[in-house]
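These notes concern the structure reproduced below.
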Amino acid sequence: MKKLHRKALAAFMSLILLFSVSSCDIFDLDVNTDPNNPSQAAVDLLLANVLSNMSSSLAGGFNGASTGFMAQTTANDDFNFSNASWNGTWNFLYSGPLKDLNELVAAAEAQGNNPRYLGIGQVLKAYYFSTMVDFFGDVPYTEAFKGDAETPIKEPVYDDDAAVYADCLSLLDQAIANFALTSTVAVRGDLIYNGNMTRWRKLAKTMKLRLLLQTRNVSDVAGQIQALVTEGDLITAAADDFQYEFPTAVTPDFRHPWYQAAYAGGEAGFSYFGHQFMYEMLVNGDPRFPFYFHRQTTTVLNPDDPTDKQTIPCSQRTDCTYGYFVVES
């Protein structure tokens with residue numbers, strides 16, 4: 001009986017202790033917020049992600065297509081495109097870096113005291129969307145990135161390319177004004193200028209000059225162009241170049257996409273410089289030739305010789321043709 005009374009007393013005391021703990025202490029553990037997966041990203045992380053992913057896209061697919069059109073590389077030089085050729089790039093840009101850029105601008109505007117991040121976001125938006133217009137013409141702009149809005153827009157309209165250009169010029173003016181404001185918020189995540197507002201301002205004005213020059217045949221912008229040139233606050237030195245330097249990190253691999261394809265991924269993943277492009281630069285004595293090309297060996301190999309053939313680059317692949325220039329004596 002004594003043991004039974006002790007057990008009953010112990011159970012009763014445990015019940016009292018349970019109810020003596022405040023309800024807040026109990027139910028504070030009942031949460032669904034994962035600290036490792038925040039619903040909103042910090043502006044510095046958004047900025048770094050935008051610069052990294054957009055640079056990879058422009059240096060990869062866009063660059064490969066552009067140089068292919070000019071016969072500099074063998075990629076895309078046959079113009080063999082279809083309606084689906086750019087689907088992957090298009091979907092990645094609008095769901096990835098461009099979406100992040102939109103969130104960066106919105107977050108900086110909401111904070112109210114962050115003109116530097118806002119100015120950088122406006123410059124990048126002007127640059128990336130004017131580049132999209134240069135490639136595609138009309139693109140989704142005013143209704144883009146509203147798929148998760150209170151009233152979702154899942155099929156945004158394509159804005160007129162001239163209207164997008166005009167808004168990009170407006171964004172650059174806003175950015176220049178924001179860079180003139182003082183701020184106690186240090187800029188982090190800037191992989192190009194490391195938070196140097198002087199260089200961002202020069203970029204904004206130089207980019208404005210570029211867009212004005214590209215629209216000079218359809219708009220009378222001579223006065224605006226002259227004003228920028230007279231003011232002189234433009235990029236004139238290599239140190240101010242708007243240039244993204246790809247890191248050397250391997251895991252994860254953030255190196256230049258061409259380097260990844262041609263070296264890290266094996267030579268089969270990359271289309272090399274077009275033969276005709278190299279030949280014309282050689283015979284015309286183009287001064288850029290030694291900077292573009294480097295002969296790996298002085299030995300001339302004979303494709304018809306079984307021994308030489310084994311050492312010719314890409315000789316073990318059926319999809320590769322290796323040839324020599326015809327040298328006139």
Side-chain angles (χ1 to χ4, degrees), residues 50-51 54-55 57-59 62-63 65-67 69-72 93 97-98 101-102 104-105 108-109 115-144 156-183 187 190 192-193 195-244 286-288:
V50 168
L51 292 173
M54 282 301 301
S55 298
S57 296
L58 295 178
F62 282 113
N63 197 29
S66 299
T67 54
F69 291 153
M70 294 182 285
Q72 291 180 12
L93 292 176
L98 292 179
L101 178 57
N102 187 68
L104 167 63
V105 172
E109 287 178 334
R116 293 180 178 178
Y117 275 109
L118 178 56
I120 291 174
Q122 290 165 332
V123 171
L124 293 178
K125 187 174 182 178
Y127 173 64
Y128 292 138
F129 270 99
S130 63
T131 301
M132 294 281 284
V133 166
D134 292 341
F135 272 100
F136 299 113
D138 298 350
V139 295
Y141 185 70
T142 55
E143 292 185 356
V157 298
Y158 280 65
D159 292 84
D160 181 72
D161 51 3
V164 176
Y165 248 58
D167 197 68
C168 288
L169 285 166
S170 175
L171 285 172
L172 292 171
D173 285 335
Q174 295 173 48
I176 294 169
N178 280 320
F179 292 145
L181 301 176
T182 58
S183 174
V187 173
D190 179 4
I192 296 183
Y193 290 136
N196 188 312
M197 292 299 105
T198 299
R199 291 177 175 176
W200 277 107
R201 186 187 68 245
K202 287 184 177 182
L203 171 64
K205 294 183 177 181
T206 303
M207 195 177 300
K208 181 180 179 180
L209 176 61
R210 172 177 175 248
L211 296 186
L212 290 173
L213 287 170
Q214 291 178 187
T215 58
R216 70 189 186 281
N217 291 328
V218 294
S219 302
D220 183 11
V221 293
Q224 297 180 64
I225 292 175
Q226 185 59 56
L228 285 169
V229 173
T230 301
E231 188 175 299
D233 193 21
L234 304 169
I235 293 177
T236 57
D240 296 330
D241 283 352
F242 182 54
Q243 180 173 295
Y244 176 80
D286 195 303
R288 297 170 296 177

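Each residue takes its place number in the sequence, starting with 1.
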Start with the C-alpha distance between Leu172 and Cys168, add both sets of side-chain angles, then the distance that settles side-chain contact (heavy atoms from CB on, under 4.5 Å), and finish with yes or no.
-> CA-CA 6 Å; Leu172 292 171; Cys168 288; 5.6 Å; no

What's the verdict on side-chain contact (heavy atoms from CB on, under 4.5 Å) for Leu51 and Leu124, showing C-alpha distance, side-chain angles and the deciding distance?
-> CA-CA 9 Å; Leu51 292 173; Leu124 293 178; 3.9 Å; yes

Carefully, step by step, assess Tyr193 and Val187 under the rule side-chain contact (heavy atoms from CB on, under 4.5 Å).
-> CA-CA 10 Å; Tyr193 290 136; Val187 173; over 6 Å; no

Under the side-chain contact (heavy atoms from CB on, under 4.5 Å) rule, what do Val123 and Leu171 come out as? Steps first, then yes or no, please.
-> CA-CA 7 Å; Val123 171; Leu171 285 172; over 6 Å; no

Hey, could you give me the CG/CD1 distance between Leu203 and Ile192, rounded to the nearest 0.5 Å?
-> 8.0 Å

Using 30° and 60° as the class limits, which term best fits the ring planes of Phe242 and Tyr127: parallel, tilted or perpendicular?
-> perpendicular

Donor-acceptor contact present, side-chain Asp138 to main-chain Asp161, <3.5 Å = yes

For Arg116, does its backbone N or O pair with a side-chain atom of Ser183 as donor and acceptor, under 3.5 Å?
-> no

Mind jotting down which residue pairs meet the side chain to side chain donor-acceptor pair (under 3.5 Å) criterion with at least one end in residues 210-221? Sequence neighbours excluded, please.
-> Tyr165-Gln214, Arg210-Gln214

For Asp240, which residues count as a salt bridge (charged side-chain N to carboxylate O under 4.0 Å, His left out) partner, sequence neighbours excluded?
-> Arg199, Lys202

Quick one: which residue pairs count as a side chain to side chain donor-acceptor pair (under 3.5 Å) with a foot in residues 224-233, not counting sequence neighbours?
-> Arg201-Asp233, Lys205-Glu231, Lys205-Asp233, Gln226-Thr230

Rounded to the nearest 0.5 angstrom, the CG-CG distance for Leu98 and Leu93 is 5.0 Å

Sidechain-backbone polar pair: Asn178 side chain, Leu118 backbone, donor-acceptor under 3.5 Å = no

Rounded to the nearest 0.5 Å, the CG atom of Asp167 sits from the CD atom of Gln122 at a distance of 10.0 Å

